[in-house]
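Computed from a predicted model, the values in this text were never measured in an experiment. All ligand and atom numbering here is 1-based and tracks the order in the structure.
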Amino acid sequence: MRILITGGAGFIGSHLCEFYLKQGHEILCVDNFITGQKENIIHLLSNAKFRLIETDISEPIEVSGRLDAILHFASPASPKDFAKYPIQIIRANGFGTYHLLELARKKQAVFLLASTSEVYGDPLVHPQKEDYRGNVNPIGLRAVYDESKRFAETLTITFQREYGVAVRIARIFNTYGPRMRTDDGRVIPNLILNALQGKPLPIYGDGKQTRSFCYIDDLINGIAKLLTTDISEPINLGNPDEFTILELANLIIELTKGKRELKFLILPQDDPKRRKPDISKAKQILNWEPKVSLKQGLKLTIDWFKKQIKD
Ligand code: NAD
Ligand code: UDP
């Protein structure tokens, strides 16, 4: 296949590029490096089947030759970036999704959208199933991300209904692993970094809020399976093992042999209190479920962060 991956120099995107190259496919990696890093793809640049296109996908994009699939992963994704890049996020998920759907239509390519558990907002239903419509504050600080992803889903399903474009929508829950930026701001990199530096771990609020963390390799397998189906409705992809942030912090302290000290800070606006995917649809349709436990995944991630700090 000839696959275009937007956000290919980011955390998830770079793992996708690597995965599909290993399978012998040709990859066009599109990125403007707003939150991505050259180091994530540097080892792929010499591969004849890999091409980097440095451009902003919020603008229309022309690609010569055939395309079999477009995987749209370009968007800043950390809550820290919601405040830093609000307009860029709206543009990437609004204009970007629209232009890429037009490209998929023209090339008769399959289009896969990286959607998110944030479409459920601060959920009133637990665990979250795909038919739950969510609880999002449309004018809150997270809205630039949550609402633009919801709109991206609407665009995607509408191109399928109106033009028959083959689409897939992955609702991705918190995913972690090597290649997350050290200054990314998301909870796992932040806690690991502080623990490795012997600093107190920052906990927002009382730390009793929950998340369910999926290791990157599991997510990539789920995305690959989803791409090969013909399911156009959204599918949750995530690990259903739920932890409080305090439990996560204690596990990271144990694995890094870090300082047993926490620093409690203000909880950001609209921070979801609980999050856990119901993955029965993915299990049934994709025959997929995560295999890597939080402890195993954290060990691999901590090893990687140790190397980053040393270099
Ligand atoms: P990331 O910030 O590491 O990757 C995003 C990439 O997109 C970066 O390389 C960035 O430079 C690029 N990008 C952003 N805007 C662009 C634009 N306008 N033009 C070209 N490139 C652009 O984040 P990530 O965690 O890898 O997330 C990737 C995708 O997966 C995002 O769409 C995100 O919403 C989605 N997602 C991630 C998670 C998660 O837990 N990591 C959860 C749900 C959804
Ligand atoms: N969080 C925290 N300390 C940090 C970063 C985040 O306690 O250094 C909390 C945050 O308030 C949220 C959870 O950890 O409740 C997950 O945050 P993250 O930014 O990773 O992603 P989210 O799931 O909120 O999008």
Among Ser115, Ser117, Ser75, Ala77, which one has a heavy atom closest to atom 5 (C) of ligand 1? Ser75
Do any N/O atoms on Thr116 end up under 3.5 angstrom from N/O atoms on ligand 1? no
Taking the ring centre of each residue, are Tyr215 and Tyr176 less than 6.0 Å apart? yes
Select the closest option to atom 23 (O) of ligand 1 among Met180, Arg181, Arg211, Arg186, judged by heavy-atom distance. Arg186
Below 4.0 Å from ligand 1: does a non-hydrogen atom of Asn93 turn up there or not? no
Would you call Thr97 and Leu113 a side-chain contact if the rule is heavy atoms closer than 4.5 Å? yes
Using a 4.0 Å cut-off to any heavy atom of Ala9, which atoms of ligand 1 qualify? 9 (O)
Do the side chains of Glu118 and Arg171 get close enough for a salt bridge, i.e. N-O under 4.0 angstrom? no
With Arg274 as reference, evaluate Gln209, Arg211, Lys208, His126 under the side chain to side chain contact (heavy atoms under 4.5 Å, CB included) test and give the passing residue. His126
If you count the non-hydrogen atoms of other residues, nucleotides and ligands that lie under 6.0 Å from OH in Tyr98, is the total more than 12? no
Ligand 1 contacted by Arg179 (non-hydrogen, < 4.0 Å): no
Name the residue from Ile223, Asn221, Ile5 that meets the side chain to side chain contact (heavy atoms under 4.5 Å, CB included) definition with Phe19. Asn221
Residues Lys149 and Thr116: closest non-hydrogen pair is CG-CG2, 3.5 Å
Are Thr156 and Leu101 close enough that some pair of their side-chain heavy atoms sits under 4.5 Å apart? yes
Considering only non-hydrogen protein atoms, determine which one is nearest to atom 4 (O) of ligand 1 and report residue, atom name and distance to 0.1 Å. Gly10 CA, 3.5 Å
Pro189 versus Phe305, closest heavy-atom pair with distance: CB-CZ, 3.7 Å
Shortest non-hydrogen contact from Ile34 to Pro76? CG2-CG, 4.2 Å
Basic-acidic side-chain contact under 4.0 Å: Arg181, Asp81: yes
Show me which atoms of ligand 1 lie under 4.0 Å from any heavy atom of Ser58. 18 (N)
Evaluate salt bridge (Lys or Arg N to Asp or Glu O under 4.0 Å) for Asp184 paired with Lys80, printing each intermediate quantity in order. CA-CA 7 Å; Asp184 174 295; Lys80 190 174 152 191; over 6 Å; no
Tell me the protein heavy atom at minimum distance from atom 40 (O) of ligand 1, and give that distance in Å. Thr175 N, 2.8 Å
Hey, are Glu26 and Arg66 close enough for a salt bridge, meaning a charged N less than 4.0 Å from a carboxylate O? no
Please find the pair of heavy atoms, one from Ser115 and one from Ile169, that lie closest to each other, and give the distance. CB-CG2, 3.9 Å
A student checking ligand 1 against Gly36 at a 4.0 Å heavy-atom cut-off should list atoms 8 (C), 9 (O), 10 (C), 11 (O)
Quick test: of every protein heavy atom, which one is nearest to atom 16 (C) of ligand 1, and how far off is it to 0.1 Å? Asn32 OD1, 3.3 Å
Per-residue contact class, Phe33 against ligand 1 - non-hydrogen pairs under 4.0 Å: backbone
Filtering Tyr145, Phe73, Phe173, Phe213 for the heavy atom nearest atom 33 (C) of ligand 1 leaves Tyr145
Flag the pair Lys199 and Glu261 as a salt bridge only when some basic side-chain nitrogen lies within less than 4.0 angstrom of an acidic carboxylate oxygen. no
Considering both backbone and side-chain atoms of Gly13, is one of its nitrogen or oxygen atoms within less than 3.5 Å of a nitrogen or oxygen in ligand 1? no
Looking only at distances, can you tell me whether any N or O atom of Asn174, backbone or side chain, sits closer than 3.5 Å to an N or O atom of ligand 1? no
Distance under 4.0 Å to a non-hydrogen atom of Thr55: what atoms of ligand 1 satisfy this? 19 (N), 20 (C)
Between Arg150 and Glu147, is there a salt bridge with N-O shorter than 4.0 Å? yes
Report all N/O contacts between ligand 2 and the protein shorter than 3.5 Å as a table of atom names and distances to 0.1 Å; if there are none, say 'none'.
from	atom 1	to	atom 2	distance (Å)
ligand 2	3 (N)	Pro202	O	2.9
ligand 2	7 (O)	Tyr204	N	2.8
ligand 2	8 (O)	Asn190	ND2	2.8
ligand 2	11 (O)	Asp271	OD2	2.7
ligand 2	15 (O)	Gln209	NE2	3.0
ligand 2	15 (O)	Arg211	NH2	3.3
ligand 2	15 (O)	Asp271	OD1	2.6
ligand 2	15 (O)	Asp271	OD2	3.4
ligand 2	20 (O)	Val187	N	2.8
ligand 2	23 (O)	Asn174	ND2	2.8
ligand 2	23 (O)	Arg211	NE	2.6
ligand 2	23 (O)	Arg275	NH1	2.8
ligand 2	24 (O)	Arg142	NH2	3.1
ligand 2	24 (O)	Arg211	NH2	3.2
ligand 2	25 (O)	Glu118	OE2	2.9
ligand 2	25 (O)	Arg142	NH2	3.1

Tell me: protein heavy atom nearest atom 6 (C) of ligand 1, and distance? Gly7 CA, 3.5 Å
Under 3.5 Å between some N or O of ligand 1 and some N or O of Ile12? yes
Under 3.5 Å: N/O of Ile172 near N/O of ligand 1: no
Short version for Asp184: what comes under 4.0 Å of ligand 1, heavy atoms counted, is neither
Is the closest N or O pair between Pro76 and ligand 1 shorter than 3.5 Å? no
Of the protein's non-hydrogen atoms, which lies at the shortest distance from atom 15 (N) of ligand 1, and what is that distance? Ile34 CG2, 3.5 Å
Atom of Ser75, atom of Tyr145 and distance for their closest heavy-atom approach: OG-CE1, 3.9 Å
Considering only protein heavy atoms, which is closest to atom 3 (O) of ligand 1, and at what distance to one decimal place? Phe11 N, 2.8 Å
Side chains of Glu242 and Ser212, donor plus acceptor under 3.5 Å: no
Between Lys281 and Glu130, does the salt bridge (Lys or Arg N to Asp or Glu O under 4.0 Å) criterion hold? Intermediate values first, please. CA-CA 8 Å; Lys281 200 166 165 185; Glu130 289 85 349; 5.1 Å; no
Considering Asp31, Asp56, Leu71, Ile57, which one's heavy-atom position lies nearest to atom 11 (O) of ligand 1? Asp31
Give me the residue, atom name and distance of the protein heavy atom closest to atom 2 (O) of ligand 1. Thr35 OG1, 2.6 Å
Numbering the atoms of ligand 1 from 1, which are under 4.0 Å from a heavy atom of Lys149? 31 (C), 32 (O), 33 (C), 34 (O)
Between Gln88 and ligand 1, which residue portion shows a heavy-atom distance shorter than 4.0 Å: side chain, backbone, both, or neither? neither
